[in-house]
Protein chains: 2
Amino acid sequence: MVTNEVRSLDGRFNVMALACPTRAVIDRIGDKWTLLVLYALGSGRLRFSQLRAQVQGVSQKMLTQTLRGMERDGLLSRTVHAEVPPRVEYELTELGRGLQEVVAGIRLWAYGHMDEIDEARERYDTKI
Amino acid sequence: MVTNEVRSLDGRFNVMALACPTRAVIDRIGDKWTLLVLYALGSGRLRFSQLRAQVQGVSQKMLTQTLRGMERDGLLSRTVHAEVPPRVEYELTELGRGLQEVVAGIRLWAYGHMDEIDEARERYDTKI
DNA sequence: CTGAATCCTTTCCGATACTG
DNA sequence: CAGTATCGGAAAGGATTCAG
């Protein structure tokens, strides 16, 4: 573990240092659409219109924006075919697939504990 | 795995169904402060003012709001001591500590791959 | 078909003032 | 000390229009 490096002089964890890299990842997938695109591309390469159909509810603007961001971060590759009408295909890179596996860990925990969270919410809401 | 249940008739994954529980978790920790509070409370129980000192940059309003949300979801417990001046202590529940372990998985991946993302960004930005 | 550009609404959140 | 309440700026994101 890397935790040694981020302890302050008083022995406390430096919250910021610990959170920072995690924060970066969460910020990356925490927006409204990246996670859904990641899932959609999990089964293989898709073109823009297919993505838009599978990620229902996404606007053209936001899909483009999300894809640009993910391409910039090396999570997916974008290939433009010189045809008319144009055909553009997106595919996860190895880095993107790795991120997907991480997210799979979250999903696993989510499936196992979302009911606990829901129960806690009900208790909290009814008590007050 | 639960993936069988979320395949559509055409054999494709239903992106929404797959992502939904994960989305809920990401939304929970994806806001600006929850992650930092989670880290800060990792080393043990803290009172409000201590939290505010450790999570530097957080406003009193946002800290309160974040703590309320996490309490509602059963991630932490809030105990008010009947004293003057008041003393309120926050501590992670077992559920909260479980979530922390999940986040640790993200952190591990982040430490190993954030440089790749940074490199990809530089390549992308300089190329255009 | 893919995508850029603009407008406009909604949401987030920091600053500030006030309270038991 | 540990909150609550309110206001306004900033940012996210949806709808729409135009273009290669």
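Quick note on labels: first sequence line is chain A, next is B, and so on, each numbered from 1. Side chains included, hydrogens not; waters and symmetry mates left out as well; all remaining heavy atoms used.
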Inset, instruction - Output yes when at least one side-chain N/O atom of A/Arg68 is less than 4.0 Å from OP1 or OP2 of C/dA4, else no. - result: yes
Legend entry - Phosphate OP1/OP2 of C/dT2 contacted by A/Tyr90 side-chain N/O (<4.0 Å): no
Inset, instruction - Could you tell me the separation between the CG atom of A/Leu63 and the NZ atom of A/Lys61, rounded to the nearest 0.5 Å? - result: 13.0 Å
Inset, instruction - Kindly indicate whether the side chain of A/Gln65 and the base of D/dA12 share any N or O donor-acceptor pair separated by less than 3.5 Å? - result: no
Inset, instruction - Identify which nucleotide among C/dG14, D/dC1, C/dC7 has an atom closest to any side-chain atom of B/Lys32, counting heavy atoms from C-beta outward. - result: C/dG14
Legend entry - Closest listed nucleotide, where the reference is the side chain of B/Phe48 and the choices are D/dG14, D/dA2, C/dG3: D/dA2
Inset, instruction - Starting from P on D/dT4, measure out to CE on B/Met62 and report it in whole angstrom. - result: 13 Å
Inset, instruction - State whether the side chain of B/Thr126 and the backbone N or O of B/Arg123 hold a donor-acceptor pair below 3.5 Å, judged by distance alone. - result: yes
Inset, instruction - Name the closest nucleotide to the A/Trp33 side chain, picking from C/dT2, D/dG14, C/dG20. - result: D/dG14
Inset, instruction - Check the distance between D/dG13's P and B/Asp27's CG and give it to me in whole angstrom. - result: 11 Å
Legend entry - Side-chain N,O (A/Arg47) to OP1/OP2 (C/dC1) below 4.0 Å: no
Inset, instruction - Check whether B/Val84 and B/Phe48 end up in the same hydrophobic cluster, where Ile, Leu, Val, Met, Phe, Trp and Tyr are linked by side-chain heavy atoms less than 4.5 Å apart. - result: no
Inset, instruction - To the nearest Å, give me how far apart NZ (A/Lys61) and P (C/dC7) are. - result: 12 Å
Inset, instruction - For the pair B/Thr93 (side chain) and B/Leu75 (backbone), establish whether a donor and an acceptor sit closer than 3.5 Å, ignoring hydrogens and angles. - result: yes
Inset, instruction - Classify the nucleic acid contact of A/Gln60 as base, sugar-phosphate or nothing, counting any heavy atom under 4.0 Å across all strands shown. - result: base
Inset, instruction - Go through C/dT2, D/dT6, D/dG3 for me and flag the one nearest to the A/Pro86 side chain. - result: C/dT2
Legend entry - Whole-Å distance separating the CZ atom of B/Arg87 from the C1' atom of C/dG20: 18 Å
Legend entry - Out of D/dG14, D/dA2, D/dT4, whichever nucleotide has its closest atom nearest the side chain of B/Ser49: D/dA2
Inset, instruction - Let me know the distance between CG of B/Leu67 and P of D/dG3, rounded to the nearest Å. - result: 8 Å
Inset, instruction - Figure out the CG/P separation between B/Asp31 and C/dC12, and round it to whole Å. - result: 10 Å
Inset, instruction - Round to a whole Å and report the spacing from CG of A/Leu63 to C1' of D/dG14. - result: 14 Å
Legend entry - Basic-acidic side-chain contact under 4.0 Å: A/Glu89, A/Arg47: no
Legend entry - d(CD, A/Glu89; P, C/dG3) in whole Å: 12 Å
Inset, instruction - Please work out if B/Arg52 contacts a base, only the sugar-phosphate, or nothing of the nucleic acid, heavy-atom cut-off 4.0 Å. - result: nothing
